[in-house]
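The structure under discussion appears below in the form of structure tokens.
The structure presented is a predicted model; accordingly, all values stated were derived computationally and were not measured. Numbered from 1 within each chain, the chains take letters A, B, ... in sequence-line order. Side chains included, hydrogens not; waters and symmetry mates left out as well; all remaining heavy atoms used.
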Number of protein chains: 2
Amino acid sequence: MFVYYAHREPRAEGEAVPRPSSPILSADRIADAAIALVDAGKAFGVNALARELGVTPSSLYNHVEGRDAIVELMRGRLAVRAAISVPDGLAWDAVVAYVVRSQRAMFAEHPLVLPLLVGKPVTDVTVLGYYEALAEALLSAGFPDDEVLVIVAVLDAFALGSGLDLSAPPEVWQAEPGSALGRLVAGGEPGQVRADRAFDLGVDLLLASLRARLAGA
Amino acid sequence: MFVYYAHREPRAEGEAVPRPSSPILSADRIADAAIALVDAGKAFGVNALARELGVTPSSLYNHVEGRDAIVELMRGRLAVRAAISVPDGLAWDAVVAYVVRSQRAMFAEHPLVLPLLVGKPVTDVTVLGYYEALAEALLSAGFPDDEVLVIVAVLDAFALGSGLDLSAPPEVWQAEPGSALGRLVAGGEPGQVRADRAFDLGVDLLLASLRARLAGA
DNA sequence: ACCTGAACACCGTTCAAGT
DNA sequence: ACCTGAACACCGTTCAAGT
């Protein structure tokens, strides 16, 4: 739906030079600044972003189709920066673990960005590549066609939910002292550590069952 | 942090009656209208909400402490309306399945509300009750103290991620025709059906592994 | 081509005034 | 006690003007 400018080509010798002599902005620079803004805990907004870039809000519209387009650019930049490439020769379950862990690591580095992305369609080609890698691994494992996509959805839901764990405040559950939950929260590890352990455990649990399912069929 | 007015007590006989003779608004009525607004696919906002209620935006501030407080009220109303009460005498894994399924059903009825809630602390007592029920079931099953909270976090992450699946557009993955993913998406069930199947499968996979883990220890 | 500055409709919030 | 209406600072977006 949204189309934004591609990167500028390096200017040819003697080509007419507009002002400013070299452009201040680009789609990538805007996306990177937006990520930095949100990472810093500030509220995302076109005006705040322009301020951060030392530029007028309307300038951004030369490079980007508005607020929503910037958010989609952020998703793309995160994916490109994470640059997940699955090593060759891994067994299917190792591939699944690798991709899911990489995705979660990407979220973990920018936890505050994640809430901006939820509920929007995924069109970014890099992100789709991750799902493709998962699908191919599961197909090679021998899962039937009509199950593969369902399993990908399970893994995706878990990775997303685990990532959102990190964008919540350190103690998500403000439990009452008298409750079992309250006792466990008080006696247990801090929320961040627990979130990490929960992610690892969840991956283990899911993979164990998937292996069993494959063996049983 | 935010404090909002409690429900009005029924007025005593002969008590002075202010205008309007019976109040138009209440915290619950505001929250319900907000949920209805978002369910209808319209963007959430104080002004839009006031318009829907046939009232001036500033009126809302007599009952509610602003935009964020309204969102937290929405979470509470969803939980109260869902009114999850776990039947007595269920085995621990049945309790877990029941609670997680109920949570997801709650999300499924109001998928567009969910993105508003993510990344904010959970203080609502009804919602905390669900986590409490999970924790108690896992403790009774014999899971060690330091694992229970981690398992609750796993289940929560999965339920949340699965709920968000539903707030995304029908086809989340805009995959290319040539890819394995594209072939599966084209040949498979629609996104909504797949999301349901994925949730069921995920619960099964997680519970199967948890049972095995308990037996193995 | 790229940025500025003025303008617009709209947002969330405050507060004095009305009943 | 509860709602209105005016006011404020701010938001996202458009567009003519400058270089």
Side-chain angles (χ1 to χ4, degrees), chain A residues 1-31 33-34 37-38 42-74 116 120, chain B residues 1-31 33-34 37-38 42-74 116 120:
Chain A
M1 185 64 83
F2 285 117
V3 177
Y4 39 85
Y5 290 6
H7 301 185
R8 302 198 76 250
E9 298 285 70
R11 224 184 306 282
E13 203 72 34
E15 188 190 345
V17 178
R19 295 173 196 194
S21 59
S22 96
I24 304 176
L25 299 176
S26 72
D28 280 353
R29 213 178 302 214
I30 290 171
L37 178 74
V38 174
K42 296 170 200 162
F44 173 69
V46 175
N47 293 16
L49 179 55
R51 229 173 285 129
E52 211 77 17
L53 283 161
V55 115
T56 254
S58 52
S59 311
L60 303 180
Y61 289 76
N62 288 296
H63 303 268
V64 147
E65 291 243 334
R67 194 200 141 99
D68 286 352
I70 298 175
V71 171
E72 188 55 24
L73 279 177
M74 293 168 78
L116 291 175
K120 310 211 169 149
Chain B
M1 184 63 84
F2 285 117
V3 177
Y4 39 84
Y5 290 5
H7 301 184
R8 303 200 76 248
E9 296 285 68
R11 225 183 306 282
E13 204 71 35
E15 188 190 343
V17 178
R19 305 185 185 185
S21 58
S22 98
I24 304 176
L25 299 177
S26 72
D28 279 354
R29 214 178 303 214
I30 291 171
L37 178 73
V38 175
K42 295 170 201 164
F44 173 69
V46 176
N47 292 17
L49 179 54
R51 228 173 285 130
E52 212 77 16
L53 283 161
V55 115
T56 255
S58 52
S59 311
L60 303 180
Y61 289 76
N62 288 297
H63 303 268
V64 147
E65 292 242 333
R67 193 198 141 98
D68 286 354
I70 298 176
V71 171
E72 188 56 23
L73 280 177
M74 291 167 79
L116 291 175
K120 311 213 168 146

Contact list for DNA chain C against residues 52-60 of chain A - heavy-atom distance below 4.0 Å: A:Val55, A:Thr56, A:Ser58, A:Ser59

So [Y] and [X], do their side chains get closer than 4.5 Å, heavy atoms only?
X	Y	value
B:Lys42	B:Glu52	yes
B:Asn62	B:Leu25	no
B:Asp68	B:Glu72	no

Could you state the [atom1]-[atom2] distance from [X] to [N], rounded to the nearest angstrom?
X	N	atom1	atom2	result
B:Tyr61	D:dC2	OH	P	18 Å
A:Asn62	C:dG5	CG	C1'	14 Å
A:Ile30	C:dC2	CD1	P	11 Å
A:Glu65	D:dC15	CD	P	13 Å
A:Phe44	C:dC11	CZ	P	18 Å
A:Arg29	C:dC2	CZ	C1'	13 Å
B:Ile70	C:dG12	CD1	C1'	10 Å
B:Arg67	C:dT13	CZ	P	8 Å

N/O donor-acceptor pair under 3.5 Å between B:Thr56 side chain and B:Ser59 backbone: no

To check you understand the geometry: which heavy-atom pair defines the closest contact between [X] and [Y], and what is its length?
X	Y	result
B:Ala34	B:Leu49	N-CD1, 3.5 Å
B:Met74	B:Phe44	SD-CE1, 4.2 Å
A:Arg67	A:Gly45	NH1-CA, 4.3 Å
B:Ala43	B:Leu37	O-CD2, 3.8 Å

Compare side-chain N and O positions of [X] against OP1 and OP2 of [N] and report whether any pair is under 4.0 Å apart.
X	N	value
A:His63	C:dC3	yes
A:Arg51	D:dC11	yes
B:Asn47	C:dC10	no

Minimum-distance nucleotide to A:Val46 side chain [options: D:dT13, C:dT4, C:dT13]: D:dT13

Approximate separation, where rounding is to 0.5 Å, of B:Leu53 CG and B:Ile30 CD1: 6.5 Å

Dot-bracket notation for DNA chain D, counting Watson-Crick and G-U pairs under 3.5 Å, with | for partners on another strand: ||.|||||...|||||.||

